Each structure stands twice: as C-alpha cells, then as structure tokens.
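Okay, so here's the structure we're looking at.
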Amino acid sequence: MKIADVTTFVIENPPPSFGGRYFIVVKLTTDTGIVGYGEIYAATFGPHTIAAMVDDVAARWVIDQDPNRIELLWRRIYSSGYSLRPDPTLVGIMSGLEMACWDIVGKETNKPISDLLGGRVHDRLRTYTYLYPSAGWRDVYTDPEHAAARAVNEVERGFTALKFDPAGPYTAFDGHQPSLDDITRSTQMISAIRAAVGPRADLLFGTHGQFTASGAIRMATAIEPYGPLWFEEPTAPDQPDEMARVARQTSIPIATGERLTTISEFAALARHQAASIWQPNLGRCGGILAGKKIAAIAEANGCQIAPHLYSGPILGAAIVQLAATLPNLLIIEGIREWGGFHAELLTTPIRWEAGYVIPSREPGLGVELDEEVALAHPYDDRPGADLHLSMGEDPVR
C-alpha cells in the first residue's frame, strides 16, 4: 500500500467561529483507495500558503510512501534541509500528514487508533470548555456577572471545568508586568465565577505567555485564593527557566504546551520543572505518535496531560483517540460539545455526553470529514476579501 494523492481543504468556520476562523484539513488517499484525514494547527503563514507547503512536502516525502512507516516518514520530513530542529510550521504540516497516516492504518486494520497505541485506559474523557459570550456580547471579559452566568449555564450542561482568559491581550512586546487593571479584572472575574459555581467546577485561568516571571507571580498571588486548577502559560513558552520561577512561588499548578513542538521542547519542561500540566496540540507538536511520546516523558516526571484544542473536529477526534490511551490524562479541551459547524463537518459527530466524550470504536480516527460541507465553506484570505483573524489571534478567546 502506497500513498497516491494528497488534498488540502482550507475551510471557513462560520460565525460564531468557535475553534478559530478556519481549519486546515489534509486528506491522503492510498493506491488501494483508503482515505485518511489529518488537521494542521499552524497560523504563522496564511492558510493557503500552508496548503501550498503541504503540496511541496507531500511531493518530496509522502507520495509513493508506505503510510504504515510513520516514524520513518516523520524523520525524513523533519530532517529535510538538515535543520533537524523544532519549526512550528513544518512540524504542524508533518502533524497533519502523520495523523492522516494513522487514520489510514486504523482503517486498513479495522481498528481505532487507540487500539494501535496500547489500547484504551479510559472509556470516557472529561472535557472542559472556554466561556463563550451570550448572543449580542463580544466576549465575557467586560462584565464578571455575565461571565458568572455563562459559567453556571455550562455547569448545568455538564461541564466540570471552565476556562477563561481575562488577564488582557498578548502583544508583540511580551513579557510585561500586568497592569493593576489586569489584576483587578482577573480577580473580579475569577471571584464572581467561583461564587457562582462553587465547588462544582474547576477554574482554568488562561494567559498566553504575556507576563514576565515577576509579573506572573503577582497575578498568581491575586488569584490563588480562588483555587484555580491551573495557571496557563504565565511566561513565554520558550523560557522554561522563567516559567519554573513562577511554578516555585505559587501553589497553582502551571500548565503550558500549546505553542511547543516536538518532544525536545516538552522535555525541557521536565528538566526545568516548569509545569506539571502539559498541553500538547497534536496538530502542532508532531502528531499522534509525538503526543504519545510527550505523554510518556510527562508520566516519568510526575506530570499530567491536558491536550490543547482550538481547531476543528478532525484534530479533536485525534486528541480523543490518543487521550483514551493515556494513564496520566487530566482532561481534554473541547469546543463546547462539538456541536454546530463542528458537527456538520463530520458524517458522524464526536459523541459528547454531560461533560464527557465517549471515544469512537470505529476504525482510524473514528470520524469522517463531510467533504461536501468542507467544499461549501472555502476560506478566502485574498487581498480585498472579508478577512478574519487567524486561529492564533482570535479575540473571542
């Protein structure tokens, strides 16, 4: 069996655009007619540029190759140009292609990917959601009472963990000190949400690496009384030694990983004891096998895994398959309950029940892209088009 063709779909995610403004999905087809899907999480370049890069990588390293030889394929692509170092764009592309190979292998063997990774240790997976605004609101960060009401609504729907990012925008000049307004807004919001939901839900305090270590420690001191489950990416992701300073001076567990790629960058977290909750994104970190390796390193260092997801349902399905096999899994990120357009993109939606995902037992990823829906929603980023912000710059978060 050989890979015979590659197709990339750049799909617009219609408003309210939960999970990003677009999704980049790759499709590999073998000479035996088996189709595999994967999803890329990369926003450094425009999505159509990424699609052109997929064609280039596939033409040189993927077409006519055996999709079963995933490790060999990965190493050949990673070493192209003899860079052999983390590159979020190249590794993002590799991640999507690798994911599609696993989907093919699962379908050929008639097994879900989880069965090929050691088997399930979880029959259901706890999920968390971002707090999204009510209709007519731009976000939940201008009114703590609105945020609290939305939190109660999500808890009543079954979620037992809620994430929010109230600490102000990230900029091209991070890290910086949080302003007094940032600290006040953050404490008012987490206080209101904790009062509203009580012990019924964990609170996940999100930032995007915008603080210096001393600034993050100030913020952690302010929110610590409200018992958040984690403080996410308090400092820049490429400075694990600085993140470790924060970890040593707060009782709040530190989480990080959505911007890291390859096992080497995650291994640095262990060396520095920078974070106890690791958040690999399978569309960026290197794919499913890389995710399994990252989880093993975390397990050996007493850390847990909470895979990051701000993308489409193909990537969500890959996370579900991997997460089901991880003994050190903490929780997975969901895009609410994977309803709306996320459900429309799949022939059979991801199964979510009262705060938990039930891993599919169908072969491969356990889901199939509805290509008619994907083709009916092309994303247009040409000059003069009605541009949306990229997945990495979504202000709704």
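Since this is a predicted model, take the numbers as computed values, not measurements.
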| query | Please, which pairs that meet ring pair (Phe, Tyr, Trp, His ring centres under 6.0 Å) have at least one residue in residues 50-74, sequence neighbours excluded? | reply |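 Those involving residues 50-74 are W74-Y78.
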
| request: Give the ring-plane orientation class for W230 versus Y128, where under 30° counts as parallel, over 60° as perpendicular and anything between as tilted. | output: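 Because their plane-to-plane angle is over 60°, the rings of W230 and Y128 count as perpendicular.
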
| task | Indicate the ring-plane relationship of H176 and F211, choosing parallel, tilted or perpendicular according to the 30° and 60° boundaries. | result |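 Correct class here is perpendicular.
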
| Among W338, W352, Y356, side-chain hydrogen bond (donor to acceptor under 3.5 Å, both in side chains) partner for T127 |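 The single option meeting the side-chain hydrogen bond (donor to acceptor under 3.5 Å, both in side chains) with T127 is W352.
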
Side chains of [X] and [Y]: closer than 4.5 Å at any heavy-atom pair?
X	Y	result
I70	E98	yes
I190	P228	yes
I77	R60	no
L315	L309	yes
M219	I183	yes
E371	F9	yes

| Hey, are E233 and R259 close enough for a salt bridge, meaning a charged N less than 4.0 Å from a carboxylate O? |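 Here E233 pairs with R259 in a salt bridge, since their nearest N and O are under 4.0 Å apart.
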
| said: Looking at E368 and K107, is any side-chain nitrogen of the basic one under 4.0 Å from a carboxylate oxygen of the acidic one? | reply: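 Looking at K107 and E368, the cut-off is met.
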
Can you tell me how far apart [atom1] ([X]) and [atom2] ([Y]) are? Round to the nearest 0.5 Å.
X	Y	atom1	atom2	value
L131	I193	CG	CD1	5.0 Å
D202	I331	CG	CD1	7.0 Å
T347	E372	OG1	CD	11.5 Å
F23	I11	CZ	CD1	7.5 Å
I63	K2	CD1	NZ	12.0 Å

[X] atom [atom1], neighbour heavy-atom count above 12 within 6.0 Å:
X	atom1	answer
R124	CZ	no
R157	CZ	yes
K292	NZ	yes
L180	CG	no

Mind listing the closest non-hydrogen atom pair of [X] and [Y] along with its distance?
X	Y	answer
D182	G168	OD1-CA, 4.0 Å
E265	T261	OE1-N, 2.8 Å
V320	P359	CG1-CA, 3.7 Å
C303	N328	O-ND2, 3.2 Å
E145	A192	OE2-CB, 4.1 Å

Please check this pair: side chain of [X] against backbone of [Y], looking for a donor-acceptor N/O pair closer than 3.5 Å.
X	Y	result
T44	T89	no
E299	A295	no
N13	R21	no
R185	Y141	no

| task | For the pair R336 and E154, evaluate salt bridge (charged side-chain N to carboxylate O under 4.0 Å, His left out) and give the outcome as yes or no after the intermediate values. | result | CA-CA 9 Å; R336 302 196 77 193; E154 297 295 4; 3.0 Å; yes

No-hydrogen, no-angle side-chain donor-acceptor test under 3.5 Å, [X] and [Y]:
X	Y	value
T250	E224	yes
S114	Q321	yes
T160	R126	yes
K27	T8	no
H146	S134	yes
T184	D181	no
R248	Q273	no
T207	E232	no
T171	Q210	no

| query | Is there a salt bridge (charged side-chain N to carboxylate O under 4.0 Å, His left out) between R200 and E156 once you walk through the steps? | reply | CA-CA 10 Å; R200 293 182 292 167; E156 289 175 346; 5.2 Å; no

| field | Candidate pair R351 and E353, rule salt bridge (charged side-chain N to carboxylate O under 4.0 Å, His left out), full reasoning | value | CA-CA 7 Å; R351 184 181 168 193; E353 296 178 355; 2.7 Å; yes

| Using the benzene-type ring in the case of Trp, are the ring centres of H308 and Y41 under 6.0 Å apart? |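 They qualify: ring centres under 6.0 Å apart.
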
| query | Does the side chain to side chain donor-acceptor pair (under 3.5 Å) test come out yes or no for Q177 and S214, once each step is laid out? | reply | CA-CA 8 Å; Q177 287 287 334; S214 60; 2.7 Å; yes

| request: Walk me through it: do D165 and Y130 pass the test side chain to side chain donor-acceptor pair (under 3.5 Å)? | output: CA-CA 9 Å; D165 300 352; Y130 258 94; 2.7 Å; yes

| said: Using the rule that Ile, Leu, Val, Met, Phe, Trp and Tyr join whenever any side-chain heavy atoms are under 4.5 Å apart, tell me whether L322 and L330 fall into a single cluster. | reply: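 Shared cluster, no.
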
